[in-house]
Amino acid sequence: MHETLSPSETRDMLLAVAEYIVERTDMLTQIDQAIGDGDHGIGMRRGFLAVSEQLQGSEPASVEAVVKAAGTAIMAKTGGAAGAIFGTFFRSGSSAFAGRNFDADGVAAFLRIGLEAVEKRGGSRPGQKTMIDALAPAAAAAADAAGGGLSETLARACAAAVAGVEATKGMIATTGKARTLGERSLGHPDPGAVSFSLILTAMRDFVAT
Amino acid sequence: MHETLSPSETRDMLLAVAEYIVERTDMLTQIDQAIGDGDHGIGMRRGFLAVSEQLQGSEPASVEAVVKAAGTAIMAKTGGAAGAIFGTFFRSGSSAFAGRNFDADGVAAFLRIGLEAVEKRGGSRPGQKTMIDALAPAAAAAADAAGGGLSETLARACAAAVAGVEATKGMIATTGKARTLGERSLGHPDPGAVSFSLILTAMRDFVAT
Amino acid sequence: MGRPKKILNNPANVVTELLDGLVLAADGGLVRLDNRSVLVRPNIPKGKVGLIIGGGSGHEPLFSGFVGDNLADAAVCGEVFAAPSPDQILDAIAAVDSGAGVLFVYGNYAGDNMNFDIAAELAEEEGHTVRTVRVWDDVAAAPLDRITDRRGIAGDFFVIKVAGAAAATWSDLDEVYRVACKARDNTRSMGVALAAGSIPETGERTFELPDDEIEIGMGAHGEPGVSRQKLTTADDIADQLMQLILADLPFKAGDEVALLLNNLGSTTLMEMLIVNRRVRNILAEAGITVHRTDIGSFLTCQEMAGMSISLMRLDDELKRFLDAPARSVGYSKA
Amino acid sequence: MGRPKKILNNPANVVTELLDGLVLAADGGLVRLDNRSVLVRPNIPKGKVGLIIGGGSGHEPLFSGFVGDNLADAAVCGEVFAAPSPDQILDAIAAVDSGAGVLFVYGNYAGDNMNFDIAAELAEEEGHTVRTVRVWDDVAAAPLDRITDRRGIAGDFFVIKVAGAAAATWSDLDEVYRVACKARDNTRSMGVALAAGSIPETGERTFELPDDEIEIGMGAHGEPGVSRQKLTTADDIADQLMQLILADLPFKAGDEVALLLNNLGSTTLMEMLIVNRRVRNILAEAGITVHRTDIGSFLTCQEMAGMSISLMRLDDELKRFLDAPARSVGYSKA
Ligand SMILES: Nc1ncnc2c1ncn2[C@@H]1O[C@H](COP(=O)(O)OP(=O)(O)O)[C@@H](O)[C@H]1O
Ligand SMILES: Nc1ncnc2c1ncn2[C@@H]1O[C@H](COP(=O)(O)OP(=O)(O)O)[C@@H](O)[C@H]1O
Ligand SMILES: [Mg+2]
Ligand SMILES: [Mg+2]
Ligand SMILES: [Mg+2]
Ligand SMILES: [Mg+2]
């Protein structure tokens, strides 16, 4: 169990996240087939393979730099809405780690700043059936957990994200390619929300071991 | 039983032929699907519906005129190879009836002259898996039956045509859309040969009743 | 329905291979930026307003096939059905902007909007002037009072055609932007889908439609439309699509329009012409005259069966630019 | 595979409806003879050699879509996959021949040959001069020593394009005939089919191919080709088609060619571009240069999945006529 990660440990965590996402390509694609255009898994795979390629064997100068590098790789290679959204999340969120390691307060700030940037970039708010519906509750939970240490913060953020994914099943999409689906989007989770919860799950698992 | 048909009886016979062919549209199409482009029944139907429309309620001046009119309708409306072949057959063959009614000698000459015209038009010979493989034996049988009366002549011509159809199953197409089928055309009858045998069958049945 | 068969090599490489094939098909009229999914017209005149288009691949000929004379200067191509990333867009800007600025024209999708916006912001930081026209012609996608929520479909063509000819004529970005907006604002489209296309990388169809059903208003990626119904006649389909199109702008008696019939993939030209017959009857009855017709494949969705109808209301300026000759791999008109 | 869905009214009327739709799509550039499946260019100059093309419908845009400026003067359209009848062809002759004579260009099929021959004989009796060029570009259909047994496929386009431009230039039928023969004699094509199209009137596919098989050399109506095999890669398919094409004429190092990639129906432009990439590599390796590329739908077979490749070896005269601008509903090039 780690309560703070060094730059190179953060790199290893991001590599673990990348592996976790890439392994779930088909599942993410299937979720997008239900309510989107069926390419979400393919895109996330491209983006996180680029993260692996970028970070593998590199010696990061800081946590901020390595998180930003991951965001840059995602933004360049994922494509689609997910590339802009997850790229923006990591790139903007990375500023939370300016001058610090990957710790509980940093994670809370990371989620908060990332959320603000994503909302600004895409113009969406909670309740529109996007990854924000996993990210916003995760950010709130992390803020709540402040002082509780890194593993607890990530565990609570992750649980909130998973609950957020569940909640997206009851939402009608009003943005993205599922927008015009109307009522027919009911019952299906949002693909980007699932991806976000997987990212936190992989982070939580990395820190817990 | 008729041993000679007047112009208006010939018209009625041709109307019966038309009805007989039109009723067999699907069967002819299926045969063409096996070795051609799957439109033979549709085309024959168009041609013989035009024959019905042309001859219905008309009062023909002569057997020659009514047979030629049928050929002209077929030529104009059938389309495809069958339109040219069956149109040519009836139009050219009609000259056999110049100055005479529809009788045994007329039928023998009709088949002979029609065969010559078809061979000239399409450049095919017996054995190439075309309607000629029904027409040529029918013409030979009718010549053989000379003096035997109209119903016997048509009955023997028809039997020869049916046997000719059977023989086309063992032939490899070297003309028409089945040409490149090679060995794969084996086992299937030629659609145009089937049509020709149906025409003679309908004529035989009309004369026999 | 079974999986559609396709003529492919490695499905992961479709975009790069198709772009190489496109450059070759242009017989000298296109270059591809190194290691980039960006096609650029060679020898762009100095001082020309740069027209950059783009979006996900898989809709060929749009967007990649519309780079050429009197059309776009560059196309930035994402992976199949995925918006291109900002770094590729930035490279396109660098390749085409010699000082007069850049106009983006693309379809209004969350992914495209965000990626092009990011690129625009970064480019402006570097001193480029960028204007953006998002095309939102799909009447099926949202009510008129939320027009900016609508998707861009085949109407992209009209905007690109007009903007391309304007950018070849004027060197003032504001003017090109103005006329491109006018083209967009006067364009309305509606589509119908009969069967889904499939994504090369998965081989899966993007949606499932029962064997006897069609969907009016379905989007170019299979996004649901306004009504799913039993397969009906060509005339009935034309009536439904036209009713929604005409009422929306609305198009009125006395209007002059350009008509675009777009094949979404595997629909035959025969079917489209049969639909055109009815469309023209409807327009004639409504007192609307057709200045010109374009019919063929513009924005496809792989081998989706279906088509869309687009109308652009014309004035003299739009007519002039629409009628200018154009030449690219995807569209050519004398 | 299920029956393909189509956007139709009464399937028995497809030809008449599509021709009406085509006339309307030409925005004044076409007229249809009363009660006839014959499309004619209006205002044909007096003394012009008349170019008449035709054949069965269902292959749109060929033949009906190729009547226009610098292309054919009339198209005579049969029912789906059925040659037109002589009386229609005679009407076309009457409409286009003002004394300089008429050139027929059509694909080499028994039905077309016989019907056009009957019309030619009747027309000559009436005092018209008629010359005929049958196109037999399909290498798959017969060995070279029986070239006149080969079918006409997408290579029709090259012959029509060249003959159309020549007939717009020269008023001497013999000269137009000579150059059309040259275009035909220098053209070779090969196709591949992945899945069958269906005939509108029956709704049935014209043939059945197992889910994982393709057929090299299959004809435009589904006539069998040279080999049925497992679905393979785009590069492998291109290699097989090109090998047969190049060896046949044969095309040699130093030759300059025009390249035509024809979509048989529902194949995506993406796939065709991927094939083009390989085709160009093969040609480059063989030392053959490509003067121009046309890619799109020329001769289709309803929604058949598949494509064909055609090459025409060029000289200066063929280049000149091929490069002349042209405009019709089915083909336009600036
Ligand atoms: N405006 C937005 N704000 C936040 N997330 C968004 C927005 N638009 C789309 N997304 C997320 O992106 C996901 C879709 O990603 P993906 O399928 O890769 O892209 P695309 O929609 O371009 O095909 C959605 O499930 C949603 O979570
Ligand atoms: N050269 C020919 N001589 C005699 N009969 C022919 C010839 N070519 C074709 N046919 C006949 O035409 C029939 C095909 O008719 P059809 O299917 O209507 O025309 P198409 O082949 O144009 O589709 C063949 O089965 C054959 O009997
Ligand atoms: Mg998606
Ligand atoms: Mg046939
Ligand atoms: Mg997408
Ligand atoms: Mg036929």
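Owing to the predicted nature of the structure, the values given are computational and were not obtained by experimental measurement. Below, read A as the first sequence line, B as the second, and so on, with proteins coming before strands; counting in each chain starts at 1.
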Does [X] have more than 12 heavy atoms from other residues, nucleotides or ligands lying within 6.0 Å of its [atom1]?
X         : atom1 : value
Lys68(B)  : NZ    : no
Glu9(B)   : CD    : yes
Asp145(D) : CG    : yes
Glu23(B)  : CD    : yes
Arg184(D) : CZ    : yes
Lys5(D)   : NZ    : yes

* To do: May I ask you to test the Ile118(D)-Met75(B) pair for a side-chain heavy-atom distance under 4.5 Å?
  =>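 Sidechains of Met75(B) and Ile118(D): in contact.
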
* To do: State, yes or no, whether a side-chain contact exists between Ile42(B) and Glu79(D) at a heavy-atom distance under 4.5 Å.
  =>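 They are not in contact (no side-chain heavy atoms under 4.5 Å apart), so the answer is no.
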
* Distance, nearest 0.5 Å, that separates OH of Tyr109(D) from CG of Asp37(B) ->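 Answer rounded to 0.5 Å: 9.5 Å.
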
* To do: Could you grab the distance from atom NE2 of His221(D) to atom CG of Asp39(B), nearest 0.5 Å is fine?
  =>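 It is 8.0 Å, given to the nearest 0.5 Å.
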
* Asked: Would you find a donor on one side and an acceptor on the other, under 3.5 Å apart, between the side chain of Asn115(D) and the backbone of Gly80(B)?
  ->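 Between the backbone of Gly80(B) and the side chain of Asn115(D) there is a qualifying donor-acceptor contact (under 3.5 Å).
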
* **Side chain, backbone, both or neither of Thr72(B) within contact of chain D (heavy atoms, under 4.5 Å)** =>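 Interface part for Thr72(B): neither.
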
Is [X] close to chain B through its backbone or its side chain, or both, or neither, when contacts mean heavy atoms under 4.5 Å?
X         : result
Val80(D)  : backbone
Asp87(D)  : side chain
Ile199(D) : side chain

* **Considering all heavy atoms, the nearest Ala82(D)-Gly79(B) contact** =>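 So the minimum-distance heavy-atom pair works out to CB-C, 4.1 Å.
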
* Salt-bridge contact Arg121(B)-Glu121(D) (side-chain N to carboxylate O under 4.0 Å) ->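 Yes, charged N to carboxylate O under 4.0 Å.
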
* Where do Gln33(B) and Thr206(D) land on the side chain to side chain contact (heavy atoms under 4.5 Å, CB included) test, with the steps shown first? -> CA-CA 6 Å; Gln33(B) 271 162 5; Thr206(D) 52; over 6 Å; no

